[in-house]
Amino acid sequence: MSNLIIVESPTKIKTIKRYLSGDYEVVASKGHVRDLPKSKLGVDIENNFEPKYVNIKDKEGVIKDIKKLAKKSDHVYLAGDPDREGEAISWHLALLLGLDLNDKNRVTFNELTETGIKAGMSHPRSIDINLVNAQQARRILDRLVGYKLSPFLWRKIRKGLSAGRVQSVAVKMICDRENEIRAFVSQEYWSIDGKFSANGERKTFAAKLNTVDGEKPELKNKEQADEILKRLEGAEFVIDKVKKSVHRKSPAAPFTTSTLQQEASRRLSFQARRTMKTAQELYEGVEINDMGQTGLITYMRTDSLRISDEARAAAYDFIRKKYGDKYIPDTPKKYKTKGNAQDAHEAIRPTHPEVTPDMVKASGVTSDQYKLYKLIWERFIASQMSNCLMDTVSVDISANGCNFKATGYSVKFDGFTVLYEEAKDDEGEKKNVLPPIKAGDPIKVRSLEGNQHFTQPPARYTEATLVKAFEETGIGRPSTYVPTITTIINRNYVERDGKQLKPTSLGEVTNQLMSEHFDKIVDVKFTANMEKSLDEVESGKKSWVKTLQDF
């Protein structure tokens with residue numbers, strides 16, 4: 001009995017072969033084998049948008065080899081990636097090889113481990129035509145926008161330009177932000193900051209002016225700040241109120257594609273493309289001491305936060321051994337996936353939680369693979385750990401109708417923070433440690449000063465904040481974030497300035513023209529609704545032809 005498994009990437013072949021007997025031959029299609037033609041539209045708009053697919057030129061050799069192997073095999077399994085693109089690749093291969101579309105010959109691997117591969121092989125299904133139609137609809141939509149609008153840009157601006165359904169919206173978002181920054185008028189404001197010490201101690205803590213005569217003060221210039229300072233000269237400061245509470249800090253959820261790209265940008269300074277390339281390598285399999293070629297993480301294109309019970313149990317085993325029972329929460333952590341998320345897969349997590357980053361490092365993986373695995377592994381293990389408990393103290397100090405506020409905290413139980421804390425785009429206030437203090441204690445003012453500030457314009461997008469905006473507005477899906485950013489930079493509509501993304505003059509001119517003549521195409525809401533329609537095609541609720549007709 002001979003079986004042929006067709007995967008997308010050659011890197012997977014070795015990992016899959018390790019776990020299957022010699023009856024299986026594994027071959028790679030190296031991505032898509034058929035697509036719309038490059039030289040013409042390739043879509044019959046009058047005839048229900050029928051696509052005219054052609055074999056991709058440089059894939060002729062691959063197609064020939066696959067056909068030869070398929071002829072000799074009793075069974076052919078289509079094992080494209082577990083998403084829309086992978087489903088479409090499997091469908092194209094089935095048509096090329098003359099396979100019956102109703103046969104149960106489609107297998108998917110959420111993780112390339114022994115468990116994941118054997119689970120995939122034991123549950124073959126027929127090709128999900130709804131998934132294929134969602135991919136076809138997206139491909140045709142993008143083709144219609146690109147091929148119908150690009151010649152308009154050639155005539156109006158210059159030859160060789162291109163418009164794209166999602167890329168044009170991304171450029172507009174970056175241009176809009178640039179216009180907000182230009183239009184921004186900075187306003188001056190002042191704060192009154194004090195340093196205090198209690199109970200005769202020399203150590204000081206900081207407190208800020210909070211209210212004056214019960215109202216929030218608006219100090220717009222030095223004169224107004226000086227007036228308050230004058231009012232406080234020689235005044236007696238009193239501790240009015242001390243409020244103590246316990247604050248529970250929960251761990252961040254395991255990674256989705258979007259949050260992985262954001263965190264890798266903040267912590268590791270990885271561009272989104274580098275993150276996804278490295279994640280792909282970890283998913284497809286790397287050599288690990290005593291384990292051989294192993295897929296180290298689950299599939300990396302997902303917006304689900306679901307975790308399997310086995311993965312949770314494995315995480316608990318590790319946490320118990322390393323940190324003890326008190327680091328395991330009383331009830332399992334459940335993270336709620338967003339409404340518009342594709343929930344076909346789990347969140348991005350290590351396939352073997354017991355394989356620590358140090359073990360991976362010792363196996364001689366690349367520096368990028370180690371860094372990204374460490375990030376994914378720590379985030380996942382921390383997401384299954386107990387909350388961090390913090391004793392928080394808030395102190396009200398008053399003098400002559402002016403109220404100052406100081407807040408501080410101390411860690412009561414470190415919980416998940418013993419391992420991992422999410423990085424923030426701006427780190428905010430430094431920790432303010434308050435001494436043991438109660439209402440009525442003597443307090444001494446050590447310094448009071450007025451500080452000048454200016455309101456800041458909104459920040460330019462970085463890759464991390466742009467991906468976050470894509471996700472929040474519902475533009476694109478996990479598989480499209482990286483290609484969209486790569487395209488707008490490669491086409492010189494946007495350029496990098498350090499970590500920031502700013503529009504080029506070409507980007508601004510193109511965006512202005514698109515906004516004037518094709519405002520729907522660059523409208524965020526319209527594009528987000530198109531994504532929703534594609535999701536409805538995927539779930540079988542909407543016809544793909546009707547979706548294209550509406551568009």
Side-chain angles (χ1 to χ4, degrees), residues 7-15 28 30-31 81 83 109-113 116 252 254-303 345-383 419-423 425 462-468 478-487 489-490 496 498-501:
V7 294
E8 285 182 44
S9 162
T11 325
K12 293 179 185 170
I13 295 174
K14 195 174 170 188
T15 315
K30 299 177 182 172
D81 284 350
D83 56 16
F109 308 126
N110 190 42
E111 54 183 67
L112 291 180
T113 58
F255 283 127
T256 59
T257 307
S258 154
T259 54
L260 176 64
Q261 288 174 16
Q262 291 170 51
E263 191 76 343
S265 168
R266 287 190 287 249
R267 277 183 184 251
L268 307 174
S269 295
F270 279 16
Q271 286 170 12
R273 198 174 174 181
R274 183 176 172 190
T275 299
M276 292 312 283
K277 177 184 172 288
T278 309
Q280 182 100 29
E281 291 159 3
L282 293 172
Y283 164 69
E284 289 178 355
V286 292
E287 262 326 302
I288 298 297
N289 295 342
D290 305 329
M291 289 175 78
Q293 181 101 353
T294 305
L296 283 180
I297 63 167
T298 50
Y299 192 55
M300 63 286 150
R301 280 191 269 279
T302 178
D303 42 19
H345 314 300
E346 289 184 56
I348 303 169
R349 62 163 176 84
T351 52
H352 299 286
E354 69 281 4
V355 177
T356 64
D358 286 346
M359 289 160 74
V360 168
K361 192 179 191 178
S363 299
V365 297
T366 67
S367 163
D368 279 9
Q369 287 168 350
Y370 163 68
K371 285 177 185 167
L372 198 69
Y373 180 73
K374 183 173 189 282
L375 192 66
I376 292 166
W377 183 87
E378 286 181 350
R379 172 84 160 219
F380 169 68
I381 297 290
S383 77
L419 180 64
Y420 176 92
E421 275 194 82
E422 193 176 18
D425 284 317
T462 61
E463 278 199 8
T465 56
L466 187 63
V467 165
K468 192 177 181 183
S479 56
T480 62
Y481 300 148
V482 171
T484 301
I485 293 170
T486 306
T487 301
I489 290 170
N490 288 349
R496 284 197 176 91
K499 268 193 173 186
Q500 297 181 331
L501 299 172

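Atom set for the values below is all heavy atoms of this structure, side chains included, hydrogens, waters and symmetry mates excluded. Note that this is a predicted model, so its numbers are computed, not measured.
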Measure across [X] and [Y] and return the closest heavy-atom pair with its distance rounded to 0.1 Å.
X	Y	answer
E111	T113	OE2-OG1, 2.8 Å
S258	Y481	CB-CE1, 3.8 Å
A264	T275	CB-OG1, 3.4 Å
Q293	G285	NE2-O, 3.1 Å
Y283	T298	CD1-C, 3.8 Å
S383	A252	CB-O, 3.3 Å

To the nearest 0.5 Å, what is the distance between [atom1] on [X] and [atom2] on [Y]?
X	Y	atom1	atom2	result
L501	I485	CG	CD1	7.0 Å
F255	D303	CZ	CG	15.0 Å
F109	K12	CZ	NZ	8.5 Å
D368	T278	CG	OG1	4.5 Å
T486	E463	OG1	CD	7.5 Å
R496	Q271	CZ	CD	3.5 Å

Quiz prompt | Polar side chain donor-acceptor pair, E284 to S9, under 3.5 angstrom | solution = yes
Quiz item: Looking just at side-chain N and O atoms, do T487 and T484 make a donor-acceptor pair shorter than 3.5 Å?
Solution: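 No, T484 and T487 have no side-chain donor paired with an acceptor closer than 3.5 Å.
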Considering only heavy atoms from C-beta outward, does the side chain of [X] approach that of [Y] to under 4.5 Å?
X	Y	answer
R349	I297	no
Y299	I348	no
E281	K277	yes
L375	L268	yes
K30	E8	no
I13	V7	yes
L372	I376	yes

Quiz item: Can you name the salt bridge (Lys or Arg N to Asp or Glu O under 4.0 Å) partners of R301, sequence neighbours left out?
Solution: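 R301 satisfies salt bridge (Lys or Arg N to Asp or Glu O under 4.0 Å) with D81, D83 only.
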Practice problem: Identify, with sequence neighbours excluded, every residue that meets salt bridge (Lys or Arg N to Asp or Glu O under 4.0 Å) alongside K374. | Solution: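 Residues passing salt bridge (Lys or Arg N to Asp or Glu O under 4.0 Å) with K374: E378.
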Tell me which donor-acceptor pairs under 3.5 Å the side chains of residues 351-364 have, and how far apart each pair is, sequence neighbours excluded?
{"from": "T351", "atom 1": "OG1", "to": "G295", "atom 2": "O", "distance (Å)": "2.7"}
{"from": "T351", "atom 1": "OG1", "to": "L296", "atom 2": "O", "distance (Å)": "3.3"}
{"from": "T356", "atom 1": "OG1", "to": "M359", "atom 2": "N", "distance (Å)": "3.3"}
{"from": "S363", "atom 1": "OG", "to": "N289", "atom 2": "N", "distance (Å)": "3.0"}
{"from": "S363", "atom 1": "OG", "to": "M359", "atom 2": "O", "distance (Å)": "3.0"}

Quiz item: Under 6.0 Å from the CZ atom of R273, do we count more than 12 heavy atoms belonging to anything else shown?
Solution: no
Quiz item: Does any N or O in the side chain of T257 come within less than 3.5 Å of the main-chain N or O of T302, such that one atom is a donor and the other an acceptor?
Solution: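 Yes, T257 side chain to T302 backbone: donor-acceptor pair under 3.5 Å.
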Exercise. Ignoring hydrogens and angles, tell me if any N or O in the side chain of Q369 forms a donor-acceptor pair with the backbone of T366 under 3.5 Å.
Key: yes
